[in-house]
Amino acid sequence: MAEIMTLARHILQRKRKYDAATGDFTLLLNHLALATKVVSRQVARAGLLDVLGKTGTENVQGEEVKKLDLIANELLIELLNDLPMVCAIASEEDEHIRHTEAGRLTGRYLVCFDPLDGSSNIDVNITIGTIFSIRRRADTGCEAVAEDFLKPGTEQVAAGYCIYGSSSLFVYSTGDGVDGFTLDPSVGEFVLSHPGIRIPDEVACFSVNAANRRNWYPETVAYVDHLGLGSDVRYKKTSLRYVGTLVADVHRNLLVGGVFLYPGDRKAPHGKLRLLYEAHPLAYLVEQAGGAATDGVGRILDIVPTGLHMRVPLVIGNRREVDLYAEFTHRYAAIPPDATT
Ligand code: AHG
Ligand code: MN
Ligand code: MN
C-alpha cells in the first residue's frame with residue numbers, strides 16, 4: 001500500500017530541528033492543524049449552522065466581525081490555551097495579546113494568527129483561510145508582553161496557512177521548504193499532496209484590487225500597466241486573478257507563478273494588510289518556496305512591527321516581479337506621491 005504521509009507524521013519527522021528532546025514544537029503544530037480541521041468543518045457547514053452573517057460588532061481594525069471570525073478565533077485560542085509550550089497569542093481579532101493558561105510563565109512559543117482571512121467572502125462561498133506564525137521568545141519565567149512579538153519576521157521559526165476552498169489544504173514550513181497537505185475527510189487527516197512547493201518562474205497571474213487605481217501612486221500605476229498592458233513577452237499569457245482573500249490569492253500564485261500586490265496608496269499609505277499575522281508568515285513561506293516579498297522599499301521579513309496590528313504595503317510572489325516593483329518604486333521615488341498620474 002502506498003505510504004500515507006500525514007501531516008502529523010511529517011511534523012514528527014521534522015521535529016529534529018527544534019525539539020528533538022521535548023516534542024513541544026511538534027505538539028504545537030499538530031494542535032494548530034487540529035484547529036484548522038475544526039474550522040474547516042464549520043466553514044463547510046457555515047450556511048447550515050447559522051454561522052454566516054455579522055455579529056454587529058467591530059474588531060480593533062474597525063472592521064465588521066463576522067460570526068465565523070469569532071468562532072475561528074475562540075477555537076484557536078481554546079486549543080492553544082492548553083499547551084504548556086505556548087506562552088502568549090496575538091490575534092487579528094484581539095486588540096491586545098492573550099496569555100495562555102498552561103504556558104503563561106514557562107512557555108517558549110509565541111503564536112500569531114489571522115483566524116479567518118477573507119471574511120468578506122464568507123457569505124458568498126468563496127475561499128477563505130487561516131494564517132499562523134510561530135516565534136520563540138528569548139526568556140521564560142515571566143509573562144510575555146506585546147514587545148516580545150515586535151521582532152522582525154526573520155525570527156519566525158514556522159509559519160503556515162490553511163485554505164478552505166474546494167478542499168482544505170494545510171501548507172507550512174519550519175524553515176526547510178514548504179509542503180502542502182490536503183484534508184481527507186474520510187479519515188480526518190491532512191495527507192501530503194503538495195511536497196516541496198516551489199514558485200514557478202512563469203507569471204500566470206497578477207493580483208490587485210484594480211478598483212483602487214484611482215488612489216495608486218505613479219509607480220503602482222506604471223507597474224500594473226507594465227504587467228497587464230506591456231509588450232514584455234514575459235507577460236503575454238499573464239491574467240489578472242483577484243479573489244479578495246489574501247491567502248487564497250497568494251496560494252494560487254505560489255502554485256502557478258505570479259505576484260500579489262496590496263500597495264500603499266494616497267488613501268492608505270501603509271496599505272491594508274497586517275505585518276504580524278498576514279505579511280510576515282506569508283513572506284516566510286513564499287521565500288521558503290523561492291519567491292520574495294517587499295513593502296516596496298525593503299524585505300518584508302526584515303521589518304520590525306511597531307505595534308501588533310501594524311499595516312504594511314505588500315508585494316509578494318515571483319522574485320523577479322517583486323524586485324521589479326522595488327525598481328519601479330525607486331524610479332518613481334523622485335515623483336512626489338501627490339503627482340498626477
Ligand atoms: P481579513 O478578512 O482577515 O480582514 O483580510 C481581508 C484582507 C485580505 O484577505 C484581502 O487580500 C484583502 O482584505 C482584500 O481587501 P479589498 O477588499 O480592499 O481588496
Ligand atoms: Mn486577513
Ligand atoms: Mn481575518
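In each ligand, atom 1 is the first atom listed, and ligand 1 is the first ligand listed. Hydrogens, waters and symmetry mates are skipped; everything else that's a heavy atom, side chains included, is used.
Closest to the Mn ion (ligand 2) among the N, O or S atoms of D117 is OD1. In terms of distance to the Mn ion (ligand 2), the nearest N, O or S atom of E278 is named OE2. Nearest N/O/S atom of E92 relative to the Mn ion (ligand 3): this is OE1.
We find the OG1-NE2 distance between T238 and H226 to be 10.0 Å, quoted to the nearest 0.5 Å. Interatomic distance, CZ of F113 versus OG of S133, reported as 11.5 Å (0.5 Å rounding). A distance of 14.0 Å separates OG1 of T26 from CZ of R9, quoted to the nearest 0.5 Å.
The N/O atoms of L246, backbone and side chain alike, include one that comes under 3.5 Å of an N/O atom in ligand 1. Between Y242 and ligand 1, at least one N/O pair is under 3.5 Å apart. Of the N or O atoms in N212, none lie within a sub-3.5 Å distance of an N or O in ligand 1.
Of the heavy atoms in T245, only backbone atoms (N, CA, C, O) come closer than 4.0 Å to ligand 1. Heavy atoms of D114 found under 4.0 angstrom from ligand 1 belong exclusively to the side chain. With a heavy-atom cut-off of 4.0 Å, L116 touches ligand 1 through its backbone alone.
Under a cut-off of 6.0 angstrom, the local environment of CZ in R241 is sparse, with at most 12 non-hydrogen atoms contributed by other residues, nucleotides or ligands. Within 6.0 Å of CG on N125 lie no more than 12 heavy atoms contributed by other residues, nucleotides or ligands. Heavy-atom contacts from other residues, nucleotides or ligands closer than 6.0 Å to NZ of K267 number 12 or fewer.
Of all protein heavy atoms, the one lying nearest to atom 18 (O) of ligand 1 is Y262 OH, 2.6 Å. L273 CD2, 3.8 Å is the protein heavy atom nearest to atom 7 (C) of ligand 1. When only non-hydrogen protein atoms are considered, atom 10 (C) of ligand 1 lies nearest to G244 O, 3.3 Å. Annotation: atom 9 (O) of ligand 1 to nearest protein heavy atom, D117 OD1, 2.7 Å.
Y223 and Y325 have perpendicular rings, their planes meeting at more than 60° on a 0 to 90° scale where under 30° would count as parallel. Ring orientation note: the planes of Y172 and H10 are nearly perpendicular, at an angle over 60° on the 30°/60° scale.
Residues meeting the side chain to side chain donor-acceptor pair (under 3.5 Å) test with S207, sequence neighbours left out: R252, N253.
Y277 and H309 have their aromatic ring centers within a separation under 6.0 angstrom.
For ligand 1, the atoms sitting less than 4.0 Å from at least one non-hydrogen atom of S119 are 2 (O), numbered in the order shown with element in parentheses. Heavy-atom contacts of E92 reach the following atoms of ligand 1: 1 (P), 3 (O), 4 (O) (cutoff under 4.0 Å). Heavy-atom proximity to N209, at under 4.0 Å, picks out these atoms of ligand 1: 16 (P), 18 (O), 19 (O).
Within the structure, the closest approach of R274 to ligand 1 falls below 4.0 Å when heavy atoms are considered. The closest approach between G118 and ligand 1 falls below 4.0 Å for a heavy atom of the residue. Not a single heavy atom of V247 lies less than 4.0 angstrom from ligand 1.
Considering E155, Q156, H280 in turn, H280 is the only one that fulfils the side-chain hydrogen bond (donor to acceptor under 3.5 Å, both in side chains) rule with R135.
At least one N, O or S atom of D114 sits under 2.8 Å from the Mn ion (ligand 2). At least one N, O or S atom of L116 sits under 2.8 Å from the Mn ion (ligand 3).
Comparing K272, Q61, E278 against atom 13 (O) of ligand 1, the shortest heavy-atom distance belongs to K272.
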Side-chain donor/acceptor pairs under 3.5 Å, residues 75-88, sequence neighbours excluded:
residue	atom	partner	partner atom	Å
N81	OD1	E101	N	2.8

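Look at R98 and E74 and you find a salt bridge, because one of the NZ, NE, NH1 or NH2 atoms lies within 4.0 Å of a carboxylate O, short of that distance.
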